[in-house]
Amino acid sequence: MSDIKLLITFKGDLYNYSIEQLRYISEEGVWSIGQMYDHLIIVAHEYLDRMEECAALNEEQPFGKTRFGEQLFEDGGFPPIKIRLPDELNSPPNNSDSKEELISRMEQLIQRMTHWETKVDDIHPTKKSEHGGFGWLNAKEWYDLVGMHFQHHLRQKEELERYLV
């Protein structure tokens, strides 16, 4: 499934939840479905911002990925494990958006992804920006990271849906 089709599927699934289901937190430390969506949207825009930074660069970057970054792109996605960020980077996502707000935010993200879909391959691969864990990524890698991140959260989405009534 293409990255954009995956995002469209996530957006379509939003129509199936009530506002109570979107905001339901099953236990302390576990996100609601709405928080997961908020996290995915925010991170996707951060990745796309970095992709656009790469597109605007004038100089080339000789540095490469970290070992984990190399493995991530070689595997085509995140490992099937829960990843917890350091506490300073792990504040709980917003849990107050309405279903309509989340749908609108997903539509904006899909439009942005679609806009860049055919352009990203034309950005020179040596124009890179640094990711804290993965090393130096080019525009295409930042773009692809959006889909990998959504794919990674599919398991979490299914797990959160099991808590719903």
Side-chain angles (χ1 to χ4, degrees), residues 1-52 65-66 68-118 120 129 131-135 137 139-165:
M1 178 182 306
S2 79
D3 294 343
I4 293 174
K5 284 184 182 174
L6 178 61
L7 271 63
I8 290 169
T9 300
F10 264 82
K11 183 190 101 175
D13 290 346
L14 279 167
Y15 292 96
N16 300 324
Y17 305 119
S18 68
I19 192 66
E20 294 79 20
Q21 290 174 321
L22 280 173
R23 294 182 180 163
Y24 178 71
I25 296 175
S26 62
E27 61 185 77
E28 189 177 331
V30 174
W31 289 348
S32 69
I33 291 174
Q35 286 175 301
M36 181 198 68
Y37 271 88
D38 181 65
H39 165 76
L40 285 167
I41 294 165
I42 287 172
V43 170
H45 281 296
E46 288 173 2
Y47 291 166
L48 294 175
D49 290 346
R50 300 301 293 275
M51 177 208 64
E52 289 180 1
K65 296 182 213 50
T66 62
F68 185 68
E70 287 290 349
Q71 191 66 54
L72 176 80
F73 283 92
E74 187 177 304
D75 294 345
F78 290 87
I81 58 171
K82 289 185 179 186
I83 299 172
R84 181 163 170 80
L85 296 172
D87 287 341
E88 62 273 10
L89 299 173
N90 202 31
S91 58
N94 177 26
N95 198 27
S96 63
D97 276 0
S98 68
K99 182 188 332 190
E100 293 75 21
E101 288 169 319
L102 287 171
I103 290 168
S104 174
R105 290 174 65 201
M106 283 297 299
E107 286 171 352
Q108 291 167 5
L109 177 59
I110 292 164
Q111 287 173 357
R112 191 173 180 196
M113 290 283 291
T114 303
H115 170 79
W116 281 99
E117 183 179 32
T118 58
V120 70
S129 122
H131 182 284
F134 307 143
L137 306 180
K140 177 72 170 133
E141 291 164 335
W142 282 108
Y143 182 89
D144 291 345
L145 207 49
V146 173
M148 287 187 217
H149 190 230
F150 267 81
Q151 188 70 43
H152 176 68
H153 279 275
L154 268 177
R155 260 190 5 273
Q156 179 189 21
K157 183 174 167 294
E158 291 165 2
E159 185 178 303
L160 293 174
E161 287 171 341
R162 285 195 292 268
Y163 293 123
L164 300 178
V165 232

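These numbers were taken from a predicted model, which means no experiment stands behind them.
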### Query
Does the side chain of Y37 come within less than 4.5 Å of D13's, by heavy atoms?
yes
Interatomic distance, [X] atom [atom1] to [Y] atom [atom2] [nearest 0.5 angstrom]:
X	Y	atom1	atom2	value
Q35	L102	CD	CG	11.0 Å
E158	R155	CD	CZ	9.0 Å
M113	L6	CE	CG	9.0 Å
Y143	L48	OH	CG	7.5 Å
T114	I8	OG1	CD1	6.5 Å
H115	I110	NE2	CD1	16.0 Å

### Task
Give a yes or no answer on whether the side chain of D75 reaches the backbone of G77 with a donor-acceptor pair at less than 3.5 Å.
no
### Task
Keeping the roles fixed (side chain from T9, backbone from K5), state whether a donor-acceptor pair exists under 3.5 Å.
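Answer holds: yes.
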Looking at [X] and [Y], what are the two nearest heavy atoms and their distance?
X	Y	result
I25	N95	CD1-ND2, 3.7 Å
F68	P79	CZ-CD, 4.2 Å
L14	K99	O-CD, 3.2 Å
W31	P92	NE1-CA, 4.4 Å
P93	D38	CB-OD2, 3.4 Å
D97	R23	O-NH2, 3.5 Å

### Query
Between F78 and H152, what is the ring plane arrangement, given parallel below 30°, perpendicular above 60°, and tilted in between?
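Ring orientation, 0 to 90° scale: tilted.
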### Query
Hey, what's the ring geometry for W142 with H131, parallel, tilted or perpendicular (30° and 60° as the breaks)?
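It falls in the tilted class, 30° to 60°.
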### Task
Determine, stepwise, if the pair L109 / R105 fulfils side-chain contact (heavy atoms from CB on, under 4.5 Å).
CA-CA 6 Å; L109 177 59; R105 290 174 65 201; over 6 Å; no
### Residues in side-chain contact (heavy atoms from CB on, under 4.5 Å) contact with D49, at least two apart in sequence or another chain
R112
### Query
Does the ring center of F150 lie less than 6.0 Å from the ring center of F10?
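Centroid separation for F150 and F10: below 6.0 Å.
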#### Entry: Check against side-chain contact (heavy atoms from CB on, under 4.5 Å), L154 and Q151
CA-CA 5 Å; L154 268 177; Q151 188 70 43; 3.2 Å; yes
#### Entry: N-O pairing of K157 and E161 below 4.0 Å
yes
### Test log, rule side-chain contact (heavy atoms from CB on, under 4.5 Å), inputs L72 and L145
CA-CA 9 Å; L72 176 80; L145 207 49; 3.6 Å; yes
### Message
Run the side-chain contact (heavy atoms from CB on, under 4.5 Å) test on L164 and I33 for me, step by step, so that the C-alpha distance in whole Å, both residues' side-chain angles and the decisive distance to 0.1 Å come before the verdict.
### Response
CA-CA 10 Å; L164 300 178; I33 291 174; 3.5 Å; yes
### Message
So, using ring pair (Phe, Tyr, Trp, His ring centres under 6.0 Å) as the criterion, who are the partners of F73 when residues are at least two apart?
### Response
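Partners of F73 by the ring pair (Phe, Tyr, Trp, His ring centres under 6.0 Å) criterion come out as none, since no residue qualifies.
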